[in-house]
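Okay, structure first, notes after.
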4 protein chains.
Amino acid sequence: MGLEDLKKGKRELIMEAAIKVFSRKGYNYTKMEEIAIEAGIGKGTIYEYFASKLQLLQEILERSFQLYHQKMVEEIQSSICFKDKIRILVEAHFKFCQENKELTSILFWNIDYIDEELRAWGYQKQAEKERHLREFIQMGIDNGEIRPVDTKLMAVILGGILGSIWVPLVIEGWEVDKNTAAEQITQIIMNGIGN
Amino acid sequence: MGLEDLKKGKRELIMEAAIKVFSRKGYNYTKMEEIAIEAGIGKGTIYEYFASKLQLLQEILERSFQLYHQKMVEEIQSSICFKDKIRILVEAHFKFCQENKELTSILFWNIDYIDEELRAWGYQKQAEKERHLREFIQMGIDNGEIRPVDTKLMAVILGGILGSIWVPLVIEGWEVDKNTAAEQITQIIMNGIGN
Amino acid sequence: MGLEDLKKGKRELIMEAAIKVFSRKGYNYTKMEEIAIEAGIGKGTIYEYFASKLQLLQEILERSFQLYHQKMVEEIQSSICFKDKIRILVEAHFKFCQENKELTSILFWNIDYIDEELRAWGYQKQAEKERHLREFIQMGIDNGEIRPVDTKLMAVILGGILGSIWVPLVIEGWEVDKNTAAEQITQIIMNGIGN
Amino acid sequence: MGLEDLKKGKRELIMEAAIKVFSRKGYNYTKMEEIAIEAGIGKGTIYEYFASKLQLLQEILERSFQLYHQKMVEEIQSSICFKDKIRILVEAHFKFCQENKELTSILFWNIDYIDEELRAWGYQKQAEKERHLREFIQMGIDNGEIRPVDTKLMAVILGGILGSIWVPLVIEGWEVDKNTAAEQITQIIMNGIGN
DNA sequence: TATGAATGAGAATTCATTCAT
DNA sequence: TATGAATGAATTCTCATTCAT
């Protein structure tokens, strides 16, 4: 165990190990022992910090979602104009995916089918995400920067784009410059719905 | 066993039952017995037609993918102009999702993490899908109907939109008119990348 | 189905097929379907002639045991002197093993552990075999041709020799002239216990 | 769990339980749970020590074979004269069978038909055993203590005698003094092949 | 607090046997 | 009589979780 591990709590250590293994094998094919080995601790220790495998996943998702959401909100606020916000959002999303490849591949999983008990939670988060996007889009409409599109539809579209762009980045190792790509996506969206 | 079941082969019957249960519970949480019950047959009978649970899923995916792909290709060919093609594609996608809700929720699963052995297959299909979309977009570029965008990026975007639109349709039961939505999406895309 | 099969009853046909497969795979690893295929008939047909897999084996063993026993007795009676009887017995045993390789490898199985239900039967047959051998040996003693050895021990020895000689013959394909070998075995035994 | 069990490793405990149940029921009719119950442990625990049912058997056989072989070799070396070696071998064999009844009834099973995968192993061990016996007999010939018999045939005979003598001892509970019986068998063999 | 040996509920799969045709 | 599709009891093995140390 490195010095770094000592400072980071065990809890943190376990979560990071779990993210690695979950992203490699998927939730159902990950064994608690593998996580323990990855973390360099004993199997039983995980249960001192997390009640169950499912709860471990849930906590990872919860925290990651918050982290992601917070980063996106932070970035967006650095600009006033809607077009810039979009560009910055896409850029930030790219950045997040590239910097947190393992986490990303868990965060954008189709949670519904990982665990039945997670469904409700997943639906809620999904709804939350959609709500944020709709508010964001509504803001653009209110500002007169974009046309009065169906915010629901637009949220799904925007969410779909962001939610699928990670696959080539993380899985295929697509080498693309995040600024260029963000610029292109922004162009397409703004041309598509801009005033 | 109903009359309908007699006409449909057992194989078909089992696949349909499996689609229902898989879509309800997810692959890993589906027990072979549940499929058997859903099909109104004995557990052992499934194994007369499919070598294993995994193979049953694989066959469902393979067939569904073909069906989906074939339908999309068919529809697209009914028109010459790229814009119409886009609209028809989106419309057909909506139709497919609405008419095959259970199947859709399996087909757009993140196969990677359902079963390790399925990964290779999943990557291949994903690549295939992307290739088709890129060819389709390239055609639009060649026709001069759209700007010379990065086909890879655009394929990912288009795939992302289609691949996420099913969620509100199938899961939330979003009541949206497919023609209206298709028109809107087409508008956005064509504004975004049209010449 | 050949002409020969038509004359031989189905019952016979099934038993012969079963002997082949049993001897190849062992009782527990033989599937009823394999027997059916070997016999060129349907799986269900076996059950028209035999109540169960176990009974099929039992009948094979019963019949084979009788056949074997009868042959040995027949041969033995063709001679008066004990030494000749021994030689002829060993010769006949060799002949039986060489001519009925598949059957032999079933007949000399350690029945006890093939099927629990077969135990009692196996013990009984074993006892019968031993009794015959002891009578045979006693006769030699009474005739004054051999020394008054412990008939039980001698029966076990003789049975052990006969019961193990089949292995190299059937499994390894040991090429040995039955007359020579019989002569040698007889010599050893007669030297060993002769007067 | 008794005190004795604490000292003996779990591995040992499981093997002993397995020997008991295997010898009672035969390999195919033994359920892992029965072994666990016999050992007084949980079903899953067996798998902490043995990868599979087959491997458990294999290890038992391997170890027992070694133990048996070692004992026989040890005993034989305590004497120089061939006749004594034979007597001691037979005695030691009797002793082994009487002291390890359960193990014996497994060790002299017809492994071939217990499990297909075990065949190769069984053939190899059988060949090994035969080779040892042939060497042993050859030694007697070279010493001029016995006549130049066919060592292969003689090995089969000797192996057959030893390999069948356990049945009455273990199964029937034949009460025979090992010294007396060994003496008699030795007499027979030495008369049979001695110079 | 940390551990990993022990556990047993649970699930996929096999195959002898049945029975409608 | 012959068949083979259908069945489900039975069994191996897995792995999240517990708990004595």
Side-chain angles (χ1 to χ4, degrees), chain A residues 1 9-11 14 27-37 39-57 115, chain B residues 1 9-11 13-14 28-37 39-56, chain C residues 1 9-11 14 27-37 39-57 115, chain D residues 1 9-11 13-14 28-37 39-56:
Chain A
M1 222 194 287
K10 275 269 171 68
R11 211 183 156 69
I14 293 166
Y27 176 76
N28 279 295
Y29 290 90
T30 293
K31 287 163 219 154
M32 290 303 263
E33 189 156 26
E34 291 176 294
I35 295 173
I37 289 166
I41 59 168
K43 212 186 336 169
T45 309
I46 299 175
Y47 288 88
E48 297 290 324
Y49 296 89
F50 300 91
S52 69
K53 188 184 173 187
L54 183 57
Q55 199 166 101
L56 173 54
L57 172 65
D115 189 288
Chain B
M1 220 196 286
K10 272 272 165 60
R11 211 183 156 72
L13 185 69
I14 292 166
N28 280 296
Y29 291 90
T30 294
K31 283 163 237 152
M32 289 304 259
E33 190 157 24
E34 291 175 297
I35 296 174
I37 289 166
I41 60 171
K43 205 177 354 151
T45 308
I46 299 175
Y47 289 89
E48 296 287 320
Y49 296 89
F50 300 91
S52 69
K53 189 184 170 187
L54 183 56
Q55 198 165 100
L56 174 54
Chain C
M1 221 194 287
K10 276 268 171 67
R11 211 184 156 70
I14 292 166
Y27 177 76
N28 279 296
Y29 290 91
T30 294
K31 288 164 219 154
M32 290 302 263
E33 188 156 27
E34 291 176 294
I35 297 173
I37 289 166
I41 59 168
K43 212 187 335 173
T45 309
I46 299 175
Y47 288 88
E48 297 290 324
Y49 296 90
F50 300 91
S52 70
K53 188 185 175 186
L54 183 57
Q55 199 165 101
L56 173 55
L57 173 65
D115 189 287
Chain D
M1 223 195 285
K10 272 273 165 60
R11 210 183 157 70
L13 185 69
I14 292 165
N28 279 295
Y29 291 90
T30 294
K31 284 163 236 152
M32 290 304 260
E33 190 156 25
E34 291 175 297
I35 296 174
I37 289 166
I41 59 170
K43 205 179 355 152
T45 308
I46 299 175
Y47 289 90
E48 295 287 322
Y49 296 89
F50 300 91
S52 69
K53 190 184 171 187
L54 183 57
Q55 198 165 103
L56 174 54

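Just so it is clear: chains get the letters A, B, ... in the order the sequence lines come, proteins before strands, and each one is counted from 1.
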### Query
For E:dG8, which nucleotide is its Watson-Crick or G-U wobble mate, given both distances must be under 3.5 Å?
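The base-pairing partner of E:dG8, which may sit in any strand shown, is F:dC15.
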
### Query
Paired with E:dT21 by Watson-Crick or G-U wobble geometry, both distances under 3.5 Å: which nucleotide is it?
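Its partner is F:dA2.
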
To the nearest angstrom, how far is [X] atom [atom1] from [N] atom [atom2]?
{"X": "C:I35", "N": "E:dC15", "atom1": "CD1", "atom2": "C1'", "value": "12 Å"}
{"X": "A:N28", "N": "E:dG10", "atom1": "CG", "atom2": "P", "value": "16 Å"}
{"X": "A:I14", "N": "E:dT1", "atom1": "CD1", "atom2": "C1'", "value": "12 Å"}
{"X": "B:E33", "N": "F:dT7", "atom1": "CD", "atom2": "P", "value": "12 Å"}
{"X": "D:E48", "N": "E:dT3", "atom1": "CD", "atom2": "P", "value": "17 Å"}
{"X": "B:F50", "N": "E:dT14", "atom1": "CZ", "atom2": "C1'", "value": "18 Å"}
{"X": "B:L54", "N": "E:dA11", "atom1": "CG", "atom2": "C1'", "value": "15 Å"}
{"X": "D:Y29", "N": "F:dA10", "atom1": "OH", "atom2": "C1'", "value": "13 Å"}

### Taking every non-hydrogen atom, the tightest pair across D:E34 and D:Y29
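Result for this residue pair: OE1-O, 3.5 Å.
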
### Query
Is D:K31 touching bases, backbone alone, or none of the nucleic acid, heavy atoms closer than 4.0 Å?
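Sugar-phosphate contact only.
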
### Query
With a non-hydrogen cut-off below 4.0 angstrom, is C:K53 in contact with a base, only sugar-phosphate, or nothing?
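Sugar-phosphate, backbone atoms only, no base.
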
Using 0.5 Å steps for rounding, measure from the [atom1] atom of [X] to the [atom2] atom of [Y].
{"X": "A:T45", "Y": "A:I35", "atom1": "OG1", "atom2": "CD1", "answer": "12.5 Å"}
{"X": "C:E33", "Y": "C:I46", "atom1": "CD", "atom2": "CD1", "answer": "9.0 Å"}
{"X": "B:I41", "Y": "B:I14", "atom1": "CD1", "atom2": "CD1", "answer": "4.0 Å"}

Of the nucleotides [options], which one has an atom closest to the side chain of [X]?
{"X": "B:K10", "options": "F:dC13, F:dA6, F:dT17", "result": "F:dA6"}
{"X": "C:Y49", "options": "E:dT13, E:dT1, F:dA2", "result": "F:dA2"}
{"X": "A:K43", "options": "F:dT17, E:dT17, E:dT3", "result": "F:dT17"}
{"X": "D:Y47", "options": "E:dT7, F:dT12, F:dT17", "result": "F:dT12"}

### Query
Toward the 5' end of DNA chain F, which comes first, B:T45 or D:A51, by nearest nucleotide?
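Its nearest nucleotide being more 5', the pick is B:T45.
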
### Message
Assuming nearest nucleotide by heavy-atom distance, tell me which of D:G44 and C:M32 is located more 5' along DNA chain E.
### Response
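Per heavy-atom nearest nucleotide, the more 5' residue is D:G44.
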
### Task
Flag this pair as yes if the NZ/CZ of C:K53 is under 6.0 angstrom from the six-membered ring centre of C:Y27 and inside a 45 degree cone about the axis; otherwise no.
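Yes - C:K53 lies over the ring of C:Y27, closer than 6.0 Å to its centre and within 45° of its axis.
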
